[in-house]
Chemist: 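Take this structure first; my questions come after.
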There are 2 protein chains.
Amino acid sequence: MRSSLPPAADVAGAVETAPPSVSSCRPATLSAELRISVSRLHRQLRSQRGEADLSDGQYAVLSVLDKFGPMSPGALADHERMRPPSMTRTVNALDELGLVRKSEHPTDGRQVLVSVTEAGVAELRETRRRRDAWLTRRLGALTAEDRAVLARSSELLRRLAAG
Amino acid sequence: MRSSLPPAADVAGAVETAPPSVSSCRPATLSAELRISVSRLHRQLRSQRGEADLSDGQYAVLSVLDKFGPMSPGALADHERMRPPSMTRTVNALDELGLVRKSEHPTDGRQVLVSVTEAGVAELRETRRRRDAWLTRRLGALTAEDRAVLARSSELLRRLAAG
DNA sequence: TATTGTTATACTCTATAACTATA
DNA sequence: TATAGTTATAGAGTATAACAATA
């Protein structure tokens with residue numbers, strides 16, 4: 001019953017003028033399409049996640065800390081578009097796993113600095129390798145050009161999420 | 001609270017200095033990037049959703065029924081990459097709202113046929129217009145070329161989700 | 001016996017509101 | 001009084017396991 005999507009058309013030079021048959025470039029139509037696509041892939045990614053793996057939120061936080069260095073929970077929440085209490089939970093979970101460490105802010109007694117531990121870095125590396133296996137495999141089956149489109153869109157999706 | 005001060009930024013600088021737009025077309029790296037982007041946008045979309053609106057799942061189901069016609073819950077679950085019990089819940093919620101109708105399968109007594117009602121079609125149209133306002137506005141702020149990339153990627157994301 | 005769908009139950013993730021401690 | 005973080009609590013969304021009805 002599932003519809004087979006049309007084969008990817010060549011996009012090299014014709015990006016601006018030739019919209020794919022399914023997805024329109026009109027903002028309103030694209031919006032509806034994109035929402036469903038993102039929602040569906042999100043669900044699929046979650047179900048493909050290994051049992052022992054970090055949650056999406058935990059993984060994202062660890063990535064951010066690894067990338068940008070120690071940060072306060074508030075800054076993390078802001079960065080991940082999460083509410084502070086949700087971030088507290090995520091950080092505490094990571095702390096209990098020994099993957100991050102909480103320490104006092106040098107000058108502001110209210111703040112907390114969260115930093116990734118060595119175990120966290122190792123876990124991040126391992127998790128990245130293991131749990132993205134499914135998606136990595138599927139991406140490998142695409143053409144390099146399709147992957148280029150996705151790489152570019154990944155950045156655009158972030159910009160959209162940045163509100 | 002733990003006392004040791006974190007080493008300020010020994011991990012921060014070394015990780016990624018290349019501009020994200022060429023971030024990487026390597027499947028493994030792209031996989032990690034894409035997962036975080038999709039996850040973050042999904043969260044943002046959910047939080048931007050209007051109070052009275054349909055949930056993502058409800059919206060998607062209504063869209064599918066509108067697009068492909070009546071379908072069994074099993075087929076819907078398959079299409080949306082959901083488990084049957086989850087789909088039962090979604091369909092029942094829509095049924096209680098009067099947006100879909102359940103009827104017997106003509107030949108197979110086990111199956112149920114779910115079809116969208118007129119109220120469902122109207123609600124779909126209205127919801128689409130109202131709740132995608134935020135995303136539509138943000139998409140409108142992009143260049144036509146960026147939108148073309150996203151339109152193309154939307155299709156690719158679906159193919160990825162289709163497992 | 002296999003398949004379709006449902007019920008019962010539980011878990012994960014996130015949010016809001018109220019509270020504590022510091023500035 | 002304002003800000004950073006936490007605790008308590010609730011809600012949405014999805015999953016697994018067990019069950020009923022039909023093929």
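Predicted model only: the values in this text are computed from it and were never measured.
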Chemist: B:L160 versus B:L34: any side-chain heavy-atom pair under 4.5 Å?
Modeler: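 Yes, their side chains come closer than 4.5 Å.
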Chemist: Restricting to side-chain hydrogen bond (donor to acceptor under 3.5 Å, both in side chains), what partner residues turn up for A:S37, sequence neighbours left out?
Modeler: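 Partners of A:S37 by the side-chain hydrogen bond (donor to acceptor under 3.5 Å, both in side chains) criterion, ordered by chain and then number, come out as B:S154, B:R158.
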Chemist: Are B:H42 and B:S39 close enough that some pair of their side-chain heavy atoms sits under 4.5 Å apart?
Modeler: no
Chemist: Would you list the atom pairs, donor with acceptor, under 3.5 Å between side chains in residues 89-100 of chain B and any protein atom, with sequence neighbours excluded?
Modeler:
unit_1, atom_1, unit_2, atom_2, d
B:T90, OG1, B:S86, O, 3.1
B:N92, OD1, B:K102, NZ, 2.9
B:N92, ND2, B:T88, O, 3.4

Chemist: Could you list all the salt bridge (Lys or Arg N to Asp or Glu O under 4.0 Å) pairs where at least one residue sits in residues 107-120 of chain B, not counting sequence neighbours?
Modeler: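 Sorted result for residues 107-120 of chain B: B:D108-B:R110.
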Chemist: Output all residues satisfying salt bridge (Lys or Arg N to Asp or Glu O under 4.0 Å) with B:E104, sequence neighbours left out; order by chain, then residue number.
Modeler: none
Chemist: Could you tell me how far apart A:L113 (CG) and D:dA4 (P) are, to the nearest whole angstrom?
Modeler: 13 Å
Chemist: To the nearest Å, how far apart are A:K102 NZ and D:dA4 C1'?
Modeler: 12 Å
Chemist: Name the first nucleotide and the last nucleotide along DNA chain C (5' to 3') that come under 4.0 Å of a heavy atom in chain A.
Modeler: C:dC13 to C:dA23
Chemist: Base contacts versus sugar-phosphate-only contacts with protein, heavy atoms under 4.0 Å: please encode nucleotides 13-23 of chain D as B, S and - from 5' to 3'.
Modeler: BBBBB----BS
Chemist: Return the value, rounded to whole Å, for the distance between atom CG of A:L76 and atom P of D:dT6.
Modeler: 11 Å
Chemist: Of the options B:L150, B:L142, B:T136, which is the one that meets A:P27 in a side chain to side chain contact (heavy atoms under 4.5 Å, CB included)?
Modeler: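 Passing option: B:T136.
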Chemist: Should the pair A:D56-B:R43 be classified as a salt bridge under the 4.0 Å nitrogen-to-oxygen rule?
Modeler: no
